[in-house]
Amino acid sequence: MNDELEYRAVLAVDIERSAGRGDRALLEIRARLTEMLEEAFEASGVDWSACLRHDLGDGLRVTTPAGTRKAALVHPLVPELALRLRTYNRGAGPLTRIRVRIALHAGDVHVSPDGTVAGSPLEVLARLLDAPPARAALAGAPETVPASLLLSGHFYDETVRHGHLGLFPEDFRKVGFTVKEHTADAWLQLPGRQPPAEAAPEPAEAQEEPACSETAGSKMVNKASGHGVVYATQHGTQHIRIERKH
């Protein structure tokens, strides 16, 4: 057995609610997801053909080539994939619509000559993919949000928190989770989620119309009970004259 370890970034995707759609729909969405992943990898400058890919049934695990720039797997890869998923979903029916959970981790793994990958980083990746916070966030998001992204603490600390070009630490929130024997903190994002619309400004209060004309020297004359006459000038001065009968 080869005891050589190689530091690799690993990514996994899992299709939300894939069960119960039937074989034809599952084969279709698996094929479309693989196509969109390949396009997103290539758009990010990561050689898809050099990646080691492993079928997860309703998703894929991808081990990237040694030396892959990890930042590229967050940006632009994830936005590229989210854009393709959202565009595809516009024309897809309920059985072929695709929303996915994405998990990212990195660490030392064993890579065999036949392309088999093994090691504890893959166990961590599997737990991230199954983490309840990522499931709940995607389930509770609008249908237009095509993915949730969960980064291991290691991946976030090494890559995202520095705020390199295209990476915004404030877009992630820290979550804790336990899956089987694994308890850890991770960093969650909903790629493609639109910020909430700003509240419309309150309408300005209507200003009270002046009681009299703005024309200089104008006055308003009203009759008052008691045989009086009220004169009001534009400046608000009132003159009351009482007319007495003799």
Side-chain angles (χ1 to χ4, degrees), residues 1-16 18 30 33-34 36-78 80-81 100-135 137-138 147-162 164 167 169 172 174-189 191:
M1 176 181 175
N2 181 13
D3 288 331
E4 292 289 331
L5 294 173
E6 297 182 16
Y7 184 81
R8 300 287 187 100
V10 286
L11 175 148
V13 294
D14 186 88
I15 300 171
E16 181 191 49
S18 61
R30 279 163 44 95
L33 175 60
T34 301
M36 288 184 277
L37 268 173
E38 179 177 359
E39 291 173 358
F41 267 78
E42 295 294 349
S44 304
V46 181
D47 186 358
W48 179 253
S49 64
C51 293
L52 301 173
R53 304 183 295 275
H54 299 271
D55 193 339
L56 299 178
D58 50 4
L60 282 172
R61 187 185 75 217
V62 181
T63 303
T64 62
T68 296
R69 191 172 67 90
K70 294 200 302 297
L73 301 178
V74 181
H75 182 85
L77 193 150
V78 171
E80 289 283 348
L81 178 60
V100 299
R101 299 188 312 281
I102 308 168
L104 274 168
H105 185 43
D108 292 333
V109 296
H110 297 272
V111 181
S112 301
D114 64 357
T116 301
V117 183
S120 59
L122 301 186
E123 296 175 7
V124 174
L125 184 70
R127 304 302 179 253
L128 289 165
L129 197 60
D130 254 353
R135 288 181 177 273
L138 185 59
S148 67
L149 170 64
L150 194 62
L151 308 181
S152 68
H154 170 74
F155 200 104
Y156 178 89
D157 288 341
E158 282 201 338
T159 309
V160 175
R161 72 178 180 88
H162 302 290
H164 297 305
L167 302 181
F172 292 80
K174 192 175 185 179
V175 296
F177 72 95
T178 298
V179 175
K180 296 183 178 180
E181 76 293 344
H182 186 79
T183 298
D185 290 329
W187 293 85
L188 178 66
Q189 183 196 42

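Residue numbers count from 1 along this sequence. Fair warning: this is a prediction, and the values are worked out from it, not measured in the lab.
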Mind checking whether [X] and [Y] have side chains closer than 4.5 Å, heavy atoms only?
{"X": "Leu149", "Y": "Leu104", "result": "yes"}
{"X": "Cys51", "Y": "Val46", "result": "yes"}
{"X": "Ser44", "Y": "Val78", "result": "no"}
{"X": "Leu73", "Y": "Phe41", "result": "yes"}
{"X": "His154", "Y": "His105", "result": "yes"}
{"X": "Gln189", "Y": "Leu151", "result": "no"}
{"X": "Leu77", "Y": "Leu11", "result": "yes"}
{"X": "His110", "Y": "Leu5", "result": "yes"}

Atom pair CG/CG of Asp14 and Asp58 - distance to nearest 0.5 Å: 4.0 Å
Separation between CZ of Arg101 and CG of Leu188, rounded to the nearest 0.5 Å: 11.5 Å
Show me the donor-acceptor pairs, under 3.5 Å and distance only, between side chains in residues 118-130 and residues at least two apart or in other chains.
from: Asp130; atom 1: OD1; to: Arg135; atom 2: NH2; distance (Å): 2.7

Test log, rule side-chain contact (heavy atoms from CB on, under 4.5 Å), inputs Leu60 and Thr34: CA-CA 8 Å; Leu60 282 172; Thr34 301; 3.7 Å; yes
Flag, side chain of Arg61 to backbone of Ala12, donor-acceptor distance under 3.5 Å: no
Backbone N/O of Leu138 and side chain of Ser148: donor-acceptor pair under 3.5 Å: no
Measure across [X] and [Y] and return the closest heavy-atom pair with its distance rounded to 0.1 Å.
{"X": "Ala66", "Y": "Glu6", "result": "CB-OE1, 4.5 Å"}
{"X": "Pro169", "Y": "Val160", "result": "CG-O, 3.3 Å"}
{"X": "His54", "Y": "Val117", "result": "NE2-CG2, 3.9 Å"}

With Trp187, the ring pair (Phe, Tyr, Trp, His ring centres under 6.0 Å) member among Phe172, Phe155, Tyr156: Tyr156
With Asp114 via salt bridge (charged side-chain N to carboxylate O under 4.0 Å, His left out) - residues at least two apart: none
Residues Asp47, Glu42; criterion side-chain contact (heavy atoms from CB on, under 4.5 Å); working and verdict: CA-CA 6 Å; Asp47 186 358; Glu42 295 294 349; 4.0 Å; yes
Qualifying salt bridge (charged side-chain N to carboxylate O under 4.0 Å, His left out) pairs with a residue from residues 65-78, counting only residues at least two apart or across chains: Lys70-Glu158
Pair Leu167-His162, side-chain contact (heavy atoms from CB on, under 4.5 Å): steps then yes or no: CA-CA 8 Å; Leu167 302 181; His162 302 290; over 6 Å; no
